[in-house]
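Letters go in sequence order (proteins before strands), and every chain restarts at 1. These numbers come from the heavy atoms of this one structure, side chains and all, not from hydrogens, waters or symmetry mates.
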Amino acid sequence: MSISIQIAQAVAGGIKTLYGQEITADSVQLQETRPEFEGNLTLVVFPYLKMSRKRPEETAQEIGEYLLSEVPHVIAKFNVVKGFLNLTIAPAQWISLLQEIYQQENFGFIPVTEASPLVMIEYSSPNTNKPLHLGHVRNNLLGWALANVMEANGNRVVKTNIVNDRGIHICKSMLAWLRWGNGETPETSGKKGDHLIGDYYVAFDKHYREEVRELMAKGMDEEQAKQEAPLIKEAHEMLVKWEQNDPEVRALWRRMNEWVYAGFDETYKALGVSFDKIYYESDTYLEGKEKVEEGLAKGFFYRRDDGSVWADLTAEGLDEKLLLRSDGTSVYMTQDIGTAKLRFQDYPIDKMIYVVGNEQNYHFQVLSILLDKLGFKWGKDLVHFSYGMVELPNGKMKSREGTVVDADDLIATMITDSRQMSADKVNKLENISEEEAQEIARIVGMGALKYFILKVDARKNMLFNPEESIDFNGNTGPFIQYTYARIRSILRKAKEQGIEIPTELPTTTELSDKEISLIQHLNDFAQAVRQAGSDYNPSCIANYCYDLVKEYNQFYHDFSVLKEENKQKQIVRLALSAAVSKIIKSGLGLLGIEVPERM
RNA sequence: GGUCUGGUAGCUCAGUUGGAUUAGAGCAGCAGCCUUCUAAGCUGCGGGUCAAGGGUUCGAGCCCCUUCCAGAUCACCA
C-alpha cells in the first residue's frame with residue numbers, strides 16, 4: 001500500500017479519535033514538503049480547524065503525535081510550522097516504494113479488462129484532396145497520445161478515423177486532373193499520391209480564380225462570378241454525377257482516392273499512428289438522413305416550407321441549425337449523425353471522444369444535443385477534445401496563401417537535421433552502423449517534433465517556430481531521450497562489471513534528501529497519468545517527464561553509480577536510475593515518442 | 001451583437017483538486033565547469049504590478065463579478 005494512502009487513512013482515524021468527526025481518507029490532502037523545510041510530506045491542517053476548535057499549531061501538533069504513535073513504521077518524526085504538519089517518512093518505506101516502481105511492469109497504469117469502459121477516439125479525419133499539414137500533425141499526435149493515456153487509465157480504446165472522401169473538393173481535384181493531368185499517376189510522376197492530388201487541387205483553384213477575374217472584368221459582381229465560372233459549374237455537375245453513381249466518375253474517384261490513401265498511410269506510418277477502424281464519409285452520409293427523418297417523425301425537428309429540415313435549439317441557448325438542405329442533401333452535421341449511428345452499431349460505446357480543432361467548438365456543442373435527442377446514450381457526455389491552431393512566426397497557416405507546413409517535408413527535415421546534429425556524437429559511439437545511426441536520427445528527430453507539439457497545453461493556440469523545433473537543448477524531446485540513453489549506458493556498464501539489482505533492495509540503506517525527492521517524483525507518475533486522463537491533456541505527461549529528467553540530471557552530476565564504494569548505496573542508486581529510465585520510457589511512450597538505447 | 005477559449009519574464013511555455021515572507025523552466029544575454037558512469041549536460045547572475053479593478057477566506061496566478069485585449073464561432077461550406 002502506498003505511503004500517502006497509509007498516512008491518509010491514519011489521519012482520518014486521528015480526526016475521528018481526537019475530534020470525533022468522520023472524514024474520508026480520500027479527502028486528506030498530502031503534498032510534498034518544500035525543500036526549505038524538514039520533512040517529506042506535508043499535511044495542511046487548516047481544513048480541520050473547525051473540527052478541532054484549536055489553533056493551527058496545536059491541531060498540527062496533536063495530529064502529528066497521533067500519527068507517530070499510530071503508524072510508527074511509516075512516520076519517523078514530524079515538525080510543525082504554523083498550520084503545516086511536516087512528516088518525515090521512514091527510509092524503509094521509500095526503499096519499498098522504489099522497489100515497487102521499478103519492478104512493476106506498468107507502474108501507474110490501470111489494467112484494462114473485459115469489463116472496462118469502451119472509449120472511442122476519433123482523430124485525424126483528413127480530406128482526401130490534399131496532403132497532411134502541420135495542423136493535422138498536431139491532431140494526429142494528440143489523438144494518438146490521448147488514446148494511450150485513456151488506455152493507461154483503464155479504458156478499452158478504439159481508435160477511429162472518419163475520412164472525408166466525398167464532396168465538391170474531391171471533384172475539383174478530379175476535374176483538374178482530367179483537364180491538365182495527361183494521365184499522370186504517382187508511378188509515372190514519382191510523386192506521393194496525396195501530393196499529386198493536392199497539386200491538382202491547387203491547379204483547379206488557380207484556373208478558377210482566373211475565370212472569376214475574367215468574369216468580373218466583364219462587369220459581373222464577385223458573388224455571381226464565383227457561382228457562374230465554368231469550372232465550378234462543371235465541378236458541381238461532377239458531384240451530382242457522383243451522387244447518381246455514374247460509373248465513370250465513381251471509377252476515377254476510387255482510383256484517385258486510392259492514391260491519396262497510399263500517401264496518407266506513409267505519413268501515418270512515419271508519425272507512428274494507426275487506427276482500429278476507419279469510416280468513410282461516402283458510406284455514412286446517407287445514414288444521417290435516415291436518422292434525421294426519424295427525428296422529424298418524432299417531432300424533434302421541423303420542416304420549413306422550402307423543404308429544408310431544421311433543429312430548433314433556442315431552448316438550449318443556441319440558434320436554429322440546418323440538418324437537410326431544401327434539395328434533400330445532407331450537410332456536415334447530418335453526416336456526423338450518420339457516422340455516430342454506424343459506430344454505435346459496430347461498438348458498444350460508453351464514451352466518445354472527438355479530436356477536432358477548436359474552430360468547431362460550436363459544431364460539437366450542437367452535435368452533443370442532437371445525438372442526445374436522438375437517443376445516443378453517450379451523446380450528452382461526448383467529449384470534444386478541442387485543440388488550438390498552430391500558428392507560424394509570420395502569422396497563421398493558410399493553404400491559399402501557401403503558408404502551410406507540409407507534414408512530409410517537416411518529418412524529413414526533422415530527421416535529416418537530427419542526423420546532422422548527432423553526427424559528431426554518434427561517431428564517438430563504438431560499433432555503430434550506418435543503419436543504426438539513421439534509426440537513431442529518426443527516433444530523435446521524431447521525438448523532437450512530437451515533444452515540441454505535445455508539451456503545449458492542447459487547448460491553446462501554439463506557435464510553431466521551425467528553428468526552435470530543431471533545437472535539441474532545454475525542454476525538448478531529445479534532451480529527455482538523451483538522459484534515457486545515458487542511464488541505459490550506465491546499466492549496461494554495471495552489468496559488465498557484474499553489478500546486478502537484487503530482487504529485494506537493502507532496506508537498511510540510508511537515503512539522502514535528493515534520493516528521497518527523486519523517489520517521490522517517480523511515484524508522482526501515477527498521478528500525472530490520472531490527471532492526463534481526467535483532463536484529456538497529454539501535455540502534463542510531457543512536462544512531468546521534463547521535470548523528472550531535470551531532477552535526475554542534477555543527481556547524475558552529484559553522485560556516481562559505478563564508482564560508489566558502498567555496495568548498498570550503489571545498488572539503490574542503480575535501482576533508482578533504472579526506475580527513472582523506466583518511467584521516462586513509459587511516459588514518452590504514452591506520447592508516442594520512442595527512446596533510443598544509445599544516442 | 002450573442003456564445004466559447006485564452007492573457008504569467010524580451011520570446012516560447014509550465015504552474016497538479018486554492019497553500020508556506022522569494023511565482024518556475026527553456027531560449028536569448030553574461031560568468032564558470034569536460035584527466036569525472038555520454039557536456040544534447042551542470043552551476044551562478046540579471047530579467048515579473050501573473051492584462052486591470054473589485055469580491056469570496058486563515059490564505060488567490062488558480063474560484064466569483066466587472067472591464068480591457070487577442071482568437072474562434074454564430075452559413076442551404078466541410
For the pair made of CD in A:Gln527 and P in B:rG15, what is the distance, rounded to whole Å? 13 Å
Are A:Phe46 and the base of B:rC58 stacked, counting only ring centres nearer than 5.5 Å and planes tilted under 30°? yes
Quick one: which of B:rU12, B:rA14, B:rU38 gets closest to the side chain of A:Asp457? B:rA14
Return the nucleotide paired to B:rC30: Watson-Crick means purine N1 to pyrimidine N3 with N6-O4 or O6-N4, wobble means G-U with N1-O2 and O6-N3, both under 3.5 Å. B:rG44
Tell me the partner of B:rC63, counting only Watson-Crick (N1-N3 plus N6-O4 or O6-N4) or G-U wobble (N1-O2 and O6-N3) with both under 3.5 Å; none if nothing fits. B:rG55
Regarding A:Val44, tell me which of base, sugar-phosphate or nothing describes its non-hydrogen contacts under 4.0 Å with the strands shown. base
Looking only at atom C1', what distance separates B:rG6 and B:rA14, rounded to whole Å? 16 Å
Are OP1 or OP2 of B:rU5 and a side-chain N or O of A:Arg459 less than 4.0 angstrom apart? no
Can you give one letter per nucleotide of nucleotides 30-36 of chain B, going 5' to 3': B for a protein heavy atom under 4.0 Å from the base, S for sugar-phosphate only, - for none? ------S
Establish, with yes or no, whether the OP1 or OP2 oxygen of B:rG26 is under 4.0 angstrom from a side-chain nitrogen or oxygen of A:Lys550. yes
Check whether the side chains of A:Thr128 and A:Asn257 place a donor and an acceptor atom closer than 3.5 Å, and report yes or no. yes
A:Tyr285 six-ring centre to A:Arg166 NZ/CZ under 6.0 Å and within 45° of normal: yes
How long is the line joining NZ of A:Lys455 and P of B:rG15, in whole Å? 13 Å
Which nucleotide, B:rA20, B:rU12, B:rC37, lies nearest any side-chain atom of A:Glu468? B:rU12
Spacing between A:Ile168 atom CD1 and B:rC77 atom P, to the nearest angstrom: 11 Å
Is there a stack between A:Phe84 and B:rG19, judged by ring centres under 5.5 Å and planes under 30°? no
Distance alone, cut at 3.5 Å: any donor-acceptor contact between the side chains of A:Ser52 and A:Glu62? no
May I have the distance from A:Asn553 (atom CG) to B:rA40 (atom C1'), rounded to whole angstrom? 10 Å
Residue A:Gln29, side-chain heavy atoms: nucleotide from B:rU73, B:rU17, B:rG19 that is nearest: B:rU17
With a 4.0 Å cut-off on heavy atoms, is A:Tyr544 in touch with a base, just the backbone sugar-phosphate, or nothing at all? nothing
When you check the phosphate oxygens OP1 and OP2 of B:rU17, does a side-chain N or O of A:Gln531 lie under 4.0 Å from one of them? no
In terms of the nearest nucleotide of RNA chain B, which residue is placed more toward the 5' end: A:Arg492 or A:Glu359? A:Arg492
Which of these nucleotides, B:rG6, B:rU73, B:rA20, is closest to any side-chain atom of A:Thr42? B:rA20
Identify which one of A:Lys567, A:Gln568, A:Arg573 satisfies the side-chain hydrogen bond (donor to acceptor under 3.5 Å, both in side chains) criterion when paired with A:Gln570. A:Lys567
Ring centres under 6.0 Å, that's the criterion: do A:Tyr123 and A:Phe385 meet it? no
Pair partner, B:rG1 [Watson-Crick or wobble, under 3.5 Å]: B:rC74
Centroid-to-centroid, A:Tyr19 to A:Tyr48, below 6.0 Å? no
Does atom CD of A:Gln497 have more than 12 heavy-atom neighbours, drawn from other residues, nucleotides or ligands, at distances under 6.0 Å? yes
Return the 5'-most residue of the pair A:Lys321, A:Tyr332 with respect to RNA chain B, ranking by each residue's nearest nucleotide. A:Lys321
Report yes if the ring of A:Phe479 lies under 5.5 Å from the six-membered base ring of B:rA40 with planes under 30°, and no otherwise. no
